There are 2 protein chains.
Amino acid sequence: MDSRGKRATLQTVADAVGVSRTTVSNAYGRPDQLNKDLRERIFEAARRLGYSGPDATARSLRRGRAGAIGLVFTETLSYAFADPYSVGFLRGVAEVAEASGTGLLLIPMPPAGGGDSETAVRNAVVDGFCLYCVPKGHPAKELIRARGLPLVTTDESDDPSIPYVGIDERASARLAGEHIARLGHRRVAVMVDHVVGPGVSGPASLDEQLASDCADLRGRLAGYRDALEEAGVDWSSVRVVAAGRNSRSASASAAAHFLDVAERPTAVLAIGDVLALGVLDACEQRGLAVGRDISVAGFDDVPEAGRARLTTVRQPMGEKGRLAGRLLLEPPEEEKVPRIKLPTELVVRATTGPAPH
Amino acid sequence: MDSRGKRATLQTVADAVGVSRTTVSNAYGRPDQLNKDLRERIFEAARRLGYSGPDATARSLRRGRAGAIGLVFTETLSYAFADPYSVGFLRGVAEVAEASGTGLLLIPMPPAGGGDSETAVRNAVVDGFCLYCVPKGHPAKELIRARGLPLVTTDESDDPSIPYVGIDERASARLAGEHIARLGHRRVAVMVDHVVGPGVSGPASLDEQLASDCADLRGRLAGYRDALEEAGVDWSSVRVVAAGRNSRSASASAAAHFLDVAERPTAVLAIGDVLALGVLDACEQRGLAVGRDISVAGFDDVPEAGRARLTTVRQPMGEKGRLAGRLLLEPPEEEKVPRIKLPTELVVRATTGPAPH
DNA sequence: TTGAAAGCGATACCAC
DNA sequence: GTGGTATCGCTTTCAA
């Protein structure tokens with residue numbers, strides 16, 4: 001246990017036992033390459049010398065394998081844990097990763113222009129990357145590609161050469177829109193997290209909606225629009241409000257933008273359940289009977305949505321994660337870049353009902 | 001972009017530009033060490049050759065820094081994302097980590113005896129470890145220590161030489177116990193996740209309770225016991241039931257063990273909010289008026305607890321995480337091993353009330 | 001079985 | 001500014 005002096009290395013142990021480094025290395029990595037006795041002696045010497053086994057970094061370098069996959073988010077890392085949808089996805093990835101003894105490296109990545117987004121990506125010791133909520137032109141995206149490691153994204157990618165696993169955002173959102181239209185709603189509001197940039201809340205103009213750099217957001221808005229316009233609703237009459245961030249409370253506050261005005265909408269479409277739950281809170285505060293006075297639909301079907309009896313569009317987040325993980329762990333040999341769209345489904349519960357007269 | 005041939009290295013680029021490796025290295029790592037022109041030329045050559053910057057692993061090896069900290073759980077990795085308490089803690093760690101551009105490596109670690117728990121720890125390229133829910137004698141624990149990296153645990157450690165940040169489990173649980181006793185409850189049940197091992201549900205004997213290898217569980221049980229015995233309740237009359245795992249639905253099922261019997265308890269103490277919420281579900285199913293017919297108290301004060309009006313003991317999970325992260329990122333120089341206990345607080349809401357007659 | 005030698009890809013130090 | 005040189009700690013042929 002000599003905690004003093006230079007840290008013990010493989011060599012130190014080899015010398016102490018009187019064998020070569022190869023043998024010590026084998027003692028750890030290939031037990032079948034030497035006899036049990038010797039192996040024991042080596043371990044004992046190691047213990048005595050305070051050597052805890054081959055250095056992880058050196059081993060990675062030599063082997064060319066990191067034993068971890070990187071998860072890249074644009075949202076702050078802590079956000080990744082805050083949203084139940086996100087958590088569901090991560091669980092999926094985690095499941096397949098842990099099955100193969102692979103670690104998950106969460107890589108913080110400030111939004112474009114917001115500090116150093118490259119260092120963490122550069123220094124990530126991983127065997128592959130999973131991109132998640134990384135907007136179109138993000139500078140780090142190119143860097144990640146350049147690293148030449150297996151890569152998969154869950155964002156509708158601008159680049160068809162990147163493997164993708166996700167859902168048909170547009171068609172899925174359309175399900176919710178059609179449901180609302182079918183119930184007779186014509187005055188509709190939409191709640192989004194943010195269009196122009198994080199933190200900015202309030203109504204969003206049409207231009208802003210189209211300019212959003214988040215493909216899934218654009219896709220969902222398009223889906224709502226498809227459905228509503230088909231039902232004869234003028235999209236410019238639809239109030240699109242940004243909560244500023246994807247949080248229940250932010251959404252509850254932002255809901256004032258359409259709840260506290262003269263011509264209150266009879267239905268609200270939220271592009272995520274967390275936002276929808278916030279709208280529910282806001283309605284409750286104002287004594288509105290959800291499902292009668294006003295209808296609310298979400299997206300994702302997070303666990304909480306079920307409890308709140310929220311009508312929503314279910315997407316298989318866990319499955320998405322597992323698939324993404326698998327794609328990274330065992331990259332398919334084929335030429336064709338995998339582009340997988342998982343099925344979604346409208347789940348009608350108690351928060352939507354016929355439009356009040 | 002020559003995707004064919006050997007992967008480009010620093011050397012390749014140096015040769016192409018006609019400079020030494022040092023210069024190329026500096027171009028990436030120390031921009032002030034060479035003139036802008038040359039730097040541009042180097043980058044251009046790099047781009048042309050498909051070189052995306054210094055290899056992360058090699059750089060880590062040479063620099064002796066990994067740029068990540070390891071989070072070690074015994075529960076399956078996916079569990080880490082499932083429990084809101086756990087998520088709160090992780091968010092805390094993530095906050096401080098991302099502030100310094102450090103990644104978080106989630107390390108899967110099967111419970112003792114359940115597969116290979118050492119490989120992942122061995123191969124983890126990190127600058128320090130944070131242990132979380134790792135039971136007393138876990139084999140990997142020793143290995144982690146042996147790696148000689150900064151280390152912090154949130155489990156009441158058997159080993160006072162490991163930095164610790166947590167709460168006084170026993171005193172905190174006692175708060176809940178006293179609250180229940182004060183309300184006049186004498187027939188009490190306790191819901192735990194698992195004592196003997198994961199997956200095993202049902203009543204737990206006294207011996208099993210004491211034998212649990214999870215220090216926080218033991219601490220909380222001791223706290224409940226302190227309070228109840230002080231109020232004259234015989235601990236052996238307290239039905240301790242294991243849900244088998246820390247999940248809302250498992251708890252709801254296991255609640256049958258005390259809910260569907262002759263002498264139903266008038267109060268239930270759950271060692272975590274997730275379990276408490278499950279008990280709430282079970283009560284609702286049976287048409288019991290929580291807070292009147294039966295009282296339920298949890299532990300943690302996760303976000304969901306507030307919404308459910310659950311009486312619970314609040315612990316500062318985010319703060320715990322931030323502190324742990326900081327301890328790892330800037331290990332204190334002092335001799336003294338930091339052992340921090342954060343304050344907790346009883347939060348009385350609507351799920352507890354006077355014992356029915 | 002065991003050992004010697006050749007890297008894995010990069011960075012730090014030190015003269016020039 | 002720049003370019004050698006040593007080294008980081010290990011794994012892997014390949015021959016003995």
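Note that the structure is predicted; figures quoted are calculated from it, not measured. Numbers restart at 1 for each chain; the letters A, B, ... are given by sequence-line order, proteins then strands.
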Check step by step if side chain to side chain donor-acceptor pair (under 3.5 Å) holds for B:Lys320 and B:Tyr132. CA-CA 11 Å; B:Lys320 211 158 142 180; B:Tyr132 181 97; over 6 Å; no
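- Atom CG in B:Asp37 sits roughly 14 Å away from atom C1' in D:dG1 (whole-Å rounding).
- No salt bridge links A:Lys141 with A:Asp159; every basic N to acidic carboxylate O contact stays at or beyond 4.0 Å.
- If you check every strand for non-hydrogen atoms under 4.0 Å, A:Leu61 touches a base.
- Between the C1' atom of D:dT2 and the CG atom of B:Asn35 lies a distance of 11 Å, rounded to the nearest Å.
- Residue pairs meeting the ring pair (Phe, Tyr, Trp, His ring centres under 6.0 Å) criterion with at least one partner in residues 47-71 of chain B, sequence neighbours excluded, are B:Tyr28-B:Tyr51.
- Side-chain contact between A:Val93 and A:Leu328 is absent, with no heavy atoms from C-beta onward closer than 4.5 Å.
- Rounded to a whole Å, the CG atom of B:Asp15 is 11 Å from the P atom of D:dG3.
- Remark: P of C:dG3 and CG of A:Leu34 are 10 Å apart, rounded to the nearest angstrom.
- Of all heavy-atom pairs spanning B:Arg145 and B:Ile162, the tightest one is CD-CD1, 3.8 Å.
- At least one side-chain nitrogen or oxygen of B:Thr23 sits closer than 4.0 Å to the OP1 or OP2 atom of D:dG3.
- Taking a 6.0 Å sphere around CD of A:Glu44, one finds it holds 12 or fewer heavy atoms contributed by other residues, nucleotides or ligands.
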Report, as a single string ordered 5' to 3', how protein heavy atoms within less than 4.0 Å touch nucleotides 10-16 of chain C: B base, S sugar-phosphate only, - not at all. BBBB---
